[in-house]
Amino acid sequence: MATSKVKETKAKTEAAKTKSGATKVKAKASASKAKTKASASKVKASTVKAAAAIKATAEEVKAEEVKAEEVKVEEVKVEEVKAQVTSTPKSEPKVSHYPVLIVGGGAAGVSMANTLRRKSTLLEIALIEPSEQHYYQPGFTIIGGGAYSLKKATKQEADLLHPSIIWVKDFAETFEPEKNSVTLRSGESITYDYLVVCPGLQLDWDKISGLEETLGKNGVCSNYSPKHVEYTWECIKGLESGTTLFTQPPMPIKCAGAPQKIMYLAADRFRKKGILDKFDIQFCNAGPGMFGVPFFAKALSKVIADYGITTNFGNNLVEIDGEAKKATFEVTDGDGKKSKVTKDFDMIHVTPPQSAPDFIKSSPLANAGGWVDLNDRTLQHNKFANIFGLGDAGSTPNAKTAAAVRKQVPVVVKNILRLINNEAVQEGYEGYGSCPLTTSLNTVMLAEFSYGGKVTPSFPKLDPRENRFIWWIGKKIGFPWLYWYWMLPEEFLDQD
Ligand SMILES: Cc1cc2nc3c(=O)[nH]c(=O)nc-3n(C[C@H](O)[C@H](O)[C@H](O)COP(=O)(O)OP(=O)(O)OC[C@H]3O[C@@H](n4cnc5c(N)ncnc54)[C@H](O)[C@@H]3O)c2cc1C
């Protein structure tokens with residue numbers, strides 16, 4: 001609400017066209033908005049105070065024509081609000097308890113917090129998230145393929161959360177579920193009635209010897225790093241011939257199709273430039289096949305053959321020497337015998353090994369594999385009834401995708417509200433996940449499936465194995481829109 005009032009203030013101020021004064025008020029209103037959000041991350045009391053003050057300020061500039069003198073008065077008031085907000089966090093006592101506490105503010109955490117807020121306007125919700133940037137990670141594939149920008153895939157976390165959500169800008173470090181308590185890196189503890197755990201997964205770059213030193217140079221790139229994703233496109237764009245390697249580590253990883261999606265985009269770029277025959281393109285996969293769902297794996301084999309790509313299964317990247325442009329793989333043959341093979345490359349796209357975050361692995365919330373131990377269909381923790389989990393950090397055997405998160409959020413929201421109302425939790429998640437496989441720079445095979453590899457297309461009349469232009473438009477325009485304005489959802493905030 002505070003956000004929309006501030007926006008209203010800005011709009012009215014601009015309409016008044018009192019050039020210098022208006023510009024200052026606008027700048028100060030935005031500053032006040034930012035400060036309000038920063039404050040909200042620390043102390044709920046200060047947020048409420050600030051929101052009320054901003055609301056009052058906004059109402060004062062509601063008149064259609066704001067005279068220059070009024071604007072000056074307004075300026076002073078906005079300054080007062082700013083001063084108030086800036087001064088409150090340090091002096092207020094630290095918050096120690098929230099009815100709902102969310103760990104992680106990525107796709108799952110933000111969507112979870114805002115959806116719960118929509119369903120229950122009075123529930124106090126706090127979210128622990130250390131990062132100020134929020135990335136639309138599904139866009140990384142097409143950034144690497146030169147068809148999208150990092151700018152479009154990045155927003156400020158503060159702009160995505162409803163102003164009433166308390167953003168605790170810190171890392172969660174330890175869990176004491178018996179005491180309903182989470183301890184932060186700062187040492188502060190926060191207790192909760194209900195906990196939602198969704199800190200994503202961990203990219204284990206260090207498990208490939210030499211990788212960290214060379215990533216982002218020497219033709220070594222990865223769409224899995226926001227810092228280096230643009231370098232993938234630089235590599236693809238700059239090559240006229242040579243050996244290109246695309247690696248896939250052991251499962252599970254987020255977006256299992258991503259390691260090969262970028263390979264098709266590169267191959268198509270080479271083809272469009274008329275130089276595809278000058279390349280030796282190799283897919284080096286630690287796993288045994290093209291894709292976990294056989295229905296789509298067969299169709300992908302045709303795509304592979306069409307580009308003339310060589311596949312090497314059972315090939316796990318273990319070492320890179322960037323300067324020498326050599327990559328070493330541990331190769332497991334059909335009898336389980338292991339050996340090492342070193343390949344030269346001109347470009348290598350690396351998908352890093354992935355695992356549950358260390359602080360989850362070492363916590364009482366983890367299953368044997370280190371993931372948050374969840375019921376596959378209710379998403380409730382298997383040991384602690386007031387804890388839920390979702391997203392990439394969860395133990396559920398679905399494809400780790402934002403598409404899965406979209407279907408998981410309503411189940412967790414509903415089950416928390418049911419517990420609050422003394423009702424039993426209900427099953428609701430069927431394991432849906434989706435992977436828009438970018439088979440060229442203008443086609444996508446839209447793989448959608450649920451638990452057990454059951455194919456569950458959203459448009460059953462269209463064969464999902466077909467490479468379609470319409471899904472490419474979806475990938476570039478439709479799905480990002482859905483993410484920012486429907487799933488997270490930001491749009492409804494403006495309507496508050
Ligand atoms: C290259 C690539 C391509 C992809 N393509 C697709 C696609 O086409 N379709 C699709 O649906 N999905 C795709 N995905 C996967 C999708 O982005 C993830 O599955 C989704 O973001 C998972 O959401 P999450 O909230 O679980 O994790 P994330 O979105 O990764 O968020 C986790 C959050 O937790 C925070 N966090 C970490 N540690 C802590 C801590 N200690 N305390 C508090 N917070 C913490 C992080 O800062 C982060 O903000 C792709 C991913 C990549 C990398």
Side-chain angles (χ1 to χ4, degrees), residues 101-113 126-145 148 153 155 157 160-161 167-175 182-186 190 196-203 221-226 228-229 232 252-262 265 349-352 354 356-363 371-372 389-394 396 398-409 412 432-438 444-448 471 474-476 479-480 482-483 487-488:
L101 181 62
I102 300 170
V103 174
V110 171
S111 177
M112 183 65 217
L127 178 141
I128 306 169
E129 165 61 56
S131 175
E132 288 188 4
Q133 256 91 42
H134 183 113
Y135 297 109
Y136 173 62
Q137 298 174 51
F140 287 3
T141 295
I142 51 177
I143 295 171
Y148 206 63
K155 289 202 182 202
E157 182 82 3
L160 298 173
L161 289 170
W167 175 18
V168 181
K169 195 165 162 287
D170 203 341
F171 290 84
E173 267 202 346
T174 54
F175 298 89
V182 174
T183 304
L184 309 177
R185 190 168 287 179
S186 65
I190 302 181
V196 182
V197 186
C198 47
L201 54 64
Q202 179 173 288
L203 301 171
C221 57
S222 179
N223 285 351
Y224 277 77
S225 157
H228 298 297
V229 61
T232 303
I253 61 169
K254 53 179 156 186
C255 194
Q260 61 188 285
K261 291 197 274 191
I262 186 59
L265 297 185
H349 177 272
V350 180
T351 300
Q354 299 169 33
D358 286 342
F359 81 106
I360 297 290
K361 279 186 202 128
S362 60
S363 79
W371 306 96
V372 183
L390 72 162
D392 293 351
T396 52
N398 55 279
K400 292 187 184 297
T401 56
V405 167
R406 185 167 63 83
K407 297 281 187 176
Q408 292 172 336
V409 167
V412 177
Y432 176 87
S434 164
C435 193
L437 295 151
T438 49
V444 161
M445 185 190 296
L446 187 57
E448 297 177 282
W471 301 138
K475 177 77 191 163
K476 264 195 84 166
F479 303 155
L482 273 178
Y483 184 84
M487 182 180 143
L488 282 192

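As the structure lists them, so they are numbered: ligands from 1, and atoms in each ligand from 1.
- Counting heavy atoms from C-beta on, the side chains of Tyr148 and Lys475 never come closer than 4.5 Å.
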I'd like the atom pairs linking ligand 1 to the protein - N or O on both sides, separation under 3.5 Å - with distances to 0.1 Å.
unit_1   : atom_1 : unit_2 : atom_2 : d
ligand 1 : 8 (O)  : Lys261 : NZ     : 3.0
ligand 1 : 8 (O)  : Lys475 : NZ     : 3.0
ligand 1 : 11 (O) : Ala402 : N      : 2.9
ligand 1 : 11 (O) : Ala403 : N      : 2.9
ligand 1 : 12 (N) : Ala402 : N      : 3.1
ligand 1 : 19 (O) : Asp392 : OD1    : 2.8
ligand 1 : 19 (O) : Asp392 : OD2    : 3.2
ligand 1 : 19 (O) : Lys400 : O      : 3.4
ligand 1 : 19 (O) : Thr401 : N      : 3.4
ligand 1 : 19 (O) : Ala402 : N      : 3.3
ligand 1 : 25 (O) : Ala107 : N      : 3.2
ligand 1 : 25 (O) : Ala108 : N      : 2.8
ligand 1 : 26 (O) : Asp392 : N      : 2.9
ligand 1 : 29 (O) : Ala107 : N      : 3.1
ligand 1 : 29 (O) : Gln137 : NE2    : 3.3
ligand 1 : 30 (O) : Gln137 : NE2    : 3.0
ligand 1 : 34 (O) : Pro199 : O      : 3.4
ligand 1 : 41 (N) : Ala172 : O      : 3.0
ligand 1 : 42 (N) : Ala172 : N      : 2.9
ligand 1 : 47 (O) : Glu129 : OE1    : 3.4
ligand 1 : 47 (O) : Glu129 : OE2    : 2.8
ligand 1 : 49 (O) : Glu129 : OE1    : 2.6
ligand 1 : 49 (O) : Glu129 : OE2    : 3.3

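- Under the side-chain contact (heavy atoms from CB on, under 4.5 Å) criterion, Ser131 pairs with Glu129, Gln133, sequence neighbours left out.
- With hydrogens and angles ignored, the 3.5 Å screen pairs a side-chain donor or acceptor of Asp170 with a backbone N or O of Ser186.
- In terms of the ring pair (Phe, Tyr, Trp, His ring centres under 6.0 Å) criterion, residue partners of Trp471 (sequence neighbours excluded) are, by chain and number, Phe459.
- For Lys254, the side-chain hydrogen bond (donor to acceptor under 3.5 Å, both in side chains) partners at least two apart in sequence or on another chain are Gln137.
- Not one N or O on the side chain of Lys261 forms a donor-acceptor pair closer than 3.5 Å with the backbone of Ile142.
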